[in-house]
Amino acid sequence: MIDLKLLRAEPDVVRESQRSRGADPTVVDQVLDADATHRAALADFEARRAEQKALGKEVAQASGDAKQQLLVRTKQLAGQVKELQASADAAAARAVELARSLGNIPEPGVPSGGEDDFTVLRQEGEPRDFGAEGVEVQDHLAIGERLRAIDMERGAKVSGARFYFLTGVGARLELAILNAAMGIAQDAGFTPMITPTLVRPETMAGTGFLGAHADEIYYLERDDLYLTGTSEVALAGYHTDEILDLSSGPLRYAGWSACYRREAGSAGRDTRGIIRVHQFHKVEMFSYVTAADAAAEHARFLEIQERMLQALELPYRLIDTAAGDLGSSAARKFDCEAWLPSQERWMEVTSTSNCTTYQARRLAIRERGDNGTTPVATINGTIGTTRWIVALLENHQQADGSVHVPEILRPYLGGLKRLEPVA
RNA sequence: GGAGACGUGACUGAGCGGCCGAAAGUGCAUCCCUGCUAAGGAUGUGAUGGGGUAACCCAUCCGUGGGUUCAAAUCCCACCGUCUCCGCCA
C-alpha cells in the first residue's frame, strides 16, 4: 500500500504513477474521497465516544435517582456510539480497499508502458556461434532426455501436464545449481532459510499475491491454506507486525523452497520441457532495509545475480521492466534473461524487485526512527531456479551430445566436468 | 484423535467488570556518582489513527473476530496459536 499522507499531499504524483502503469488515475480521487469520508466519520465517532466515557465515569460514582437518570442518557448514547462506530469502520474499510488497489510508484527512469516496453540496459557475454562450431542445436528437453536427466512423460502420467521428473544427473544438476546459489548468497551475507510453502490466507493477502494474479495460486480448500509460488511470501511474512532493528544493516535472507504455480493464463505457452512448470525449486534473496538504502540494496541484488550468471558462464542481457509489468508491489524491477539457443530468444532466469515501503506498509513491518516508527523497504530477487537447467543444458551443449559443466557446479557433482549421454 | 492449562508492552510477569494503556521486575535512553571497569542512585521509556503552528489533546489496541453491559484486559461464544498428559503414526 502506498503512503496515504503522500497521496493527500501530492495526488498528482500518484495519478501520474497510475497512468505510467496503464492503470486508472481516477482511483486517486476515489481514494481521496473515501479517505475524507472516513476521517469525518471517525471524528464523529470519537467525539461521541469521549462523551460516553466521561458519562460512564459519573455513573460509577453516582447512586440512587441520580444514577438512574444518568443511565437513561447513557443507554441512549451507547446506541449512537455503536452506529457511529459501524459507519466509521465501514468508511475505513472502503478507504483501505481503494488505497490498496493503487500500485507502487515507479522509480524515476522506469519506462512506462506494458510487457513489451522494457529497456535493454546491457548485454553480457556473447551467444555461441553453434553453426561455426559444427554443433546442431538441440533444445533442453532433447538434451535432457539423452542425458536421462528429464522425464516429462512420466511426469505427465503421475501428475499431469507441466509436471516432470528430474532423474539421475538432472536431479543432481538441480541440487548443484541451488547449492551454488545458496553458497553465493551466504557469502554475500544472507542467512539461509528453508521456508514453509503452505501459508495462511492472511500471509498470502498481506504479501499482495491475492490481487490481480490470484488465479495463479493453488489453494487447499479443506485446510484454508495457499501453496506459495515463491519463498518471497514466507520471507515477507516472516517479520509481519514487527518493529525491526536495522541499525547494524539490512536483514538479509536466502530462502530455498519448492514453488507452485497454476499457470492458469498461459495455456499453450512454453509447453515443451521444463521452462514453464507447475512446480519447481528456487533460491530467493530477500532483504529488509531502511527505506533510504533500498535502491542501493536493489543494485546489490542485481550484482549478486550477475555473479551467479557469470559463474554459470551464461550469456545474458539485463532489462529494466516497464511500469505496467512491474506487479503492484514493485517500484522497479530488473530481469536477467539468459540466451535460449534452441529458440534464439532471451529467457528470464532472474528477477529482482525493489518494493520500497509498499509491501512492508501492508504487513506492518517498521523500524524505530528518531520520531516514531517508519515502514522499512523490502527487496527480493532470484539467484537460482530449476529453469536454469534449461539455459545450462542448451548453452553448454557440445557436438558429441555431452554438456560442459561450469567450474562452480563441479564440487556439487562429484567433480564432473561433462555430463555424458546415456547410451 | 481425547483431556487439561494458557495467550497482557522489547522481554518476564501481575491484574479477572468502572480508580487499567495496564503493577512490579528486566532491558533500553539520559543524567548523577565513580581514576577505569563493576556496582549504585534519579528520571524517562508502547503502537496505530485523528486533531492542533506548538506545548498538547482525543480515540483505538491486553492472540483474532463477534456478543453481553451505561461501562470489558477482566464475563460469554467462535476461531487461531502455544504448552502438558494420554492415544495414534513415524
Side-chain angles (χ1 to χ4, degrees), chain A residues 1-9 31-100 102 195-196 198-207 210 219-226 228 233-234 237-248 251 288 290-291 357-376:
Chain A
M1 189 159 83
I2 67 161
D3 185 1
L4 278 184
K5 287 187 181 124
L6 172 87
L7 183 88
R8 281 174 210 146
V31 175
L32 284 172
D33 210 50
D35 179 49
T37 306
H38 166 230
R39 283 192 289 165
L42 189 64
D44 284 350
F45 158 68
E46 287 184 352
R48 214 26 84 90
R49 174 70 176 153
E51 201 180 324
Q52 185 194 25
K53 284 178 73 168
L55 273 179
K57 289 202 172 125
E58 287 181 41
V59 171
Q61 272 149 23
S63 58
D65 274 359
K67 184 163 191 163
Q68 290 313 310
Q69 282 190 327
L70 272 173
L71 280 179
V72 173
R73 278 173 65 198
T74 204
K75 277 183 187 174
Q76 199 181 8
L77 251 184
Q80 288 178 20
V81 167
K82 196 166 251 183
E83 275 172 41
L84 287 170
Q85 178 164 34
S87 55
D89 285 350
R94 176 165 163 72
V96 167
E97 190 195 333
L98 278 166
R100 282 196 170 194
L102 294 167
T195 63
L198 284 167
V199 299
R200 307 171 55 179
E202 297 91 307
T203 303
M204 202 47 128
T207 50
L210 285 185
Y219 172 58
L220 302 184
E221 200 171 306
R222 282 182 68 178
D223 302 285
D224 196 19
L225 289 169
Y226 291 89
T228 56
V233 177
Y238 191 65
H239 285 302
T240 294
D241 285 327
E242 293 183 27
I243 298 174
L244 306 178
D245 180 5
L246 300 181
S247 58
S248 49
L251 294 177
Y288 295 88
T290 299
T357 56
Y358 188 93
Q359 198 171 45
R361 187 171 281 112
R362 183 181 263 240
L363 294 169
I365 304 169
R366 15 335 155 222
E367 63 173 322
R368 225 173 275 286
D370 291 333
N371 30 348
T373 64
T374 49
V376 303

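Chain A is the first sequence line, chain B the second, and so forth, proteins listed ahead of strands; every chain is numbered from 1.
Atom name C1', nucleotides B/rC19 and B/rU45: the rounded distance is 24 Å, in whole Å. Separation of the P atoms belonging to B/rU8 and B/rU82 is 14 Å when rounded to the nearest angstrom. Separating the P atom of B/rG52 from that of B/rC62 is a span of 28 Å, rounded to the nearest Å. Atom name P, nucleotides B/rG35 and B/rG27: the rounded distance is 24 Å, in whole Å. One C1' atom belongs to B/rG21, the other to B/rC32, and the distance between them is 31 Å to the nearest Å. Using atom P as the reference point in both B/rG44 and B/rC85, the two lie 45 Å apart (nearest Å). The same atom, C1', is picked in B/rG9 and in B/rA5; the two are 23 Å apart, to the nearest Å. Rounded to the nearest Å, the gap between the P atom of B/rG67 and that of B/rA72 is 12 Å.
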Give me the distances for all protein-to-nucleotides 72-79 of chain B N/O pairs that come in under 3.5 Å?
none

Show me the protein contacts with nucleotides 18-21 of chain B, counting only N or O atoms at under 3.5 Å.
from   : atom 1 : to    : atom 2 : distance (Å)
B/rG18 : N2     : A/G56 : O      : 3.2

Which atoms of nucleotides 62-64 of chain B (N or O only) lie under 3.5 Å from a protein N or O atom, and what are those distances?
none

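In this structure, A/Q52 does not reach the B/rC70 phosphate: none of its side-chain N or O atoms is under 4.0 Å from OP1 or OP2. A sub-4.0 Å separation between OP1 or OP2 of B/rA71 and a side-chain N or O of A/K82 is absent.
A/T357 meets the side-chain contact (heavy atoms from CB on, under 4.5 Å) test with A/A291, A/R361, A/P375; sequence neighbours excluded. Residues that satisfy the side-chain hydrogen bond (donor to acceptor under 3.5 Å, both in side chains) test with A/E367, not counting sequence neighbours, are A/T290. For A/Y226, the ring pair (Phe, Tyr, Trp, His ring centres under 6.0 Å) partners two or more places apart in sequence, or in a different chain, are A/Y219. Judged as a side-chain hydrogen bond (donor to acceptor under 3.5 Å, both in side chains), and not counting sequence neighbours, the contacts of A/H239 are A/E242, A/Y253.
Closest of all the heavy-atom pairs between A/T240 and A/L363 is CG2-O, 3.5 Å.
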Under 3.5 Å for both distances, Watson-Crick or G-U wobble, that's the pair rule; now give the dot-bracket for RNA chain B, with | marking pairs to another strand and [ ] for crossing ones.
((((((((.[[[..)..(.....]]]((((((.......))))))((((((....)))))).[[[[[..)....]]]]])))))))....

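RNA chain B is contacted by A/R200 of residues 200-207 of chain A, taking any non-hydrogen atom closer than 4.0 Å. Shown for residues 74-81 of chain A: residues whose heavy atoms fall under 4.0 angstrom of RNA chain B, namely A/T74, A/K75, A/A78.
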Assign a letter to each nucleotide of nucleotides 44-50 of chain B from its 5' end: B, base within under 4.0 Å of a protein heavy atom; S, sugar-phosphate only; -, no contact.
--SSSBS

Is there a side chain to side chain contact (heavy atoms under 4.5 Å, CB included) between A/L4 and A/L7 once you walk through the steps?
CA-CA 5 Å; A/L4 278 184; A/L7 183 88; 3.9 Å; yes

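Sorted by first and then second residue, the pairs that involve residues 39-51 of chain A and meet salt bridge (charged side-chain N to carboxylate O under 4.0 Å, His left out), not counting sequence neighbours, are A/D35-A/R39, A/R48-A/E51.
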